[in-house]
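Take a look at the structure set out below.
Computed from heavy atoms alone, side chains included, the values below leave out hydrogens, waters and symmetry copies. This chain uses plain numbering: 1 for the first residue, then up along the sequence.
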Amino acid sequence: MLSVVILIAALGATAQFGLYYWRSLVAGYASQPLSERFPLFSGLDHESPEAEDFGALLSLHRLTPTLGRRADNLTTLRAYYTAVHVLCRLPALQDWAKREMATCSRYVAVLVDQRLTQNLAYAAEMRSH
């Protein structure tokens with residue numbers, strides 16, 4: 001019985017560590033600067049993506065092709081955003097949830113910006129040949 005309790009505690013701690021590690025990767029990637037032309041490409045009327053821009057940025061991500069590298073899988077990020085969006089309804093967690101949702105939006109914005117920049121570079125290379 002004690003070994004089962006230890007196993008459950010170890011699995012819980014491992015899952016918590018994994019979640020914190022994943023969140024740090026997302027936050028680190030989301031902190032990368034966006035290009036100056038991103039607001040023009042994205043159609044956003046503000047410089048930095050906000051929490052409410054997540055759906056629009058996901059649509060733009062789906063429309064932006066990847067050339068020369070693997071596609072980004074955003075299933076985990078979408079699930080996290082949805083879970084945090086549910087927690088946003090709680091007044092005590094509302095500020096934290098808005099920040100987390102904005103980080104998710106910014107992460108997708110960085111991906112889209114990198115795709116667009118890479119695609120423009122490929123197009124310029126193709127024109128030069």
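More than 12 heavy atoms of other shown residues, nucleotides or ligands fall within 6.0 angstrom of atom NE2 in His61.
In this structure, Leu58 CG and Asp53 CG are separated by 11.0 Å, a value rounded to the nearest 0.5 Å. Atoms CG and OG1, from Asn119 and Thr64 in turn, are 7.5 Å apart once rounded to the nearest 0.5 Å. Glu52 contributes atom CD, which lies 9.0 Å from atom NE2 of His85 (distance to the nearest 0.5 angstrom).
Inter-residue side-chain proximity for Val26 and Arg23 is flagged as unmet; no heavy-atom pair is nearer than 4.5 Å. Taking the side chain as every heavy atom from C-beta outward, Asp113 and Gln32 never approach each other to under 4.5 Å. Contact annotation: the side chain of Phe54 never approaches that of Thr82 to less than 4.5 Å [non-hydrogen atoms, C-beta and beyond]. Two residues are said to be in side-chain contact when any heavy atoms from C-beta on lie closer than 4.5 Å; Leu44 and Phe38 meet this criterion. Side-chain contact between Phe41 and Leu120 is present, with at least one heavy-atom pair separated by less than 4.5 Å. Side-chain atoms of Cys88 and Lys98, non-hydrogen and from C-beta on, do get closer than 4.5 Å to each other. Looking only at side-chain heavy atoms (C-beta outward), Gln94 and Leu87 stay at 4.5 Å or farther from each other.
Heavy-atom minimum distance, Ser105 versus Leu57: O-CD1, 3.3 Å. Taking both residues in full, the closest heavy atoms of Arg115 and Pro65 are given as CD-O, 4.2 Å, listed atom of the first, atom of the second, then distance. When all heavy atoms of Ser42 and Leu60 are compared, the pair lying nearest together is CA-CD2, 3.7 Å. Nearest approach of Leu34 to Arg106, heavy atoms of both residues: CD1-NH1, 3.2 Å. Between Ala30 and Val110, the shortest heavy-atom contact is O-CG2, 4.0 Å.
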Sequence neighbours excluded and cut-off under 3.5 Å, please list the side-chain donor-acceptor pairs for residues 2-21, or say none.
residue: Thr14; atom: OG1; partner: Ala10; partner atom: O; Å: 2.8
residue: Gln16; atom: NE2; partner: Tyr20; partner atom: OH; Å: 3.2

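Leu90 and Met101 fall within the same hydrophobic cluster, defined by Ile, Leu, Val, Met, Phe, Trp and Tyr side-chain heavy atoms under 4.5 Å apart, directly or through other members. With hydrophobic clusters built from ILVMFWY side chains whose heavy atoms lie under 4.5 angstrom apart, Leu93 does not share a cluster with Val86.
Side chains of Gln114 and Tyr29: a donor-acceptor N/O pair is present below 3.5 angstrom, by distance only.
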Exercise for the section: Evaluate the criterion side-chain contact (heavy atoms from CB on, under 4.5 Å) for residue pair Tyr80 and Val84; output intermediate values, then yes/no. Expected result: CA-CA 6 Å; Tyr80 182 72; Val84 171; 3.7 Å; yes

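At least one donor-acceptor pair closer than 3.5 Å links the side chain of Tyr81 to the backbone N or O of Ala51.
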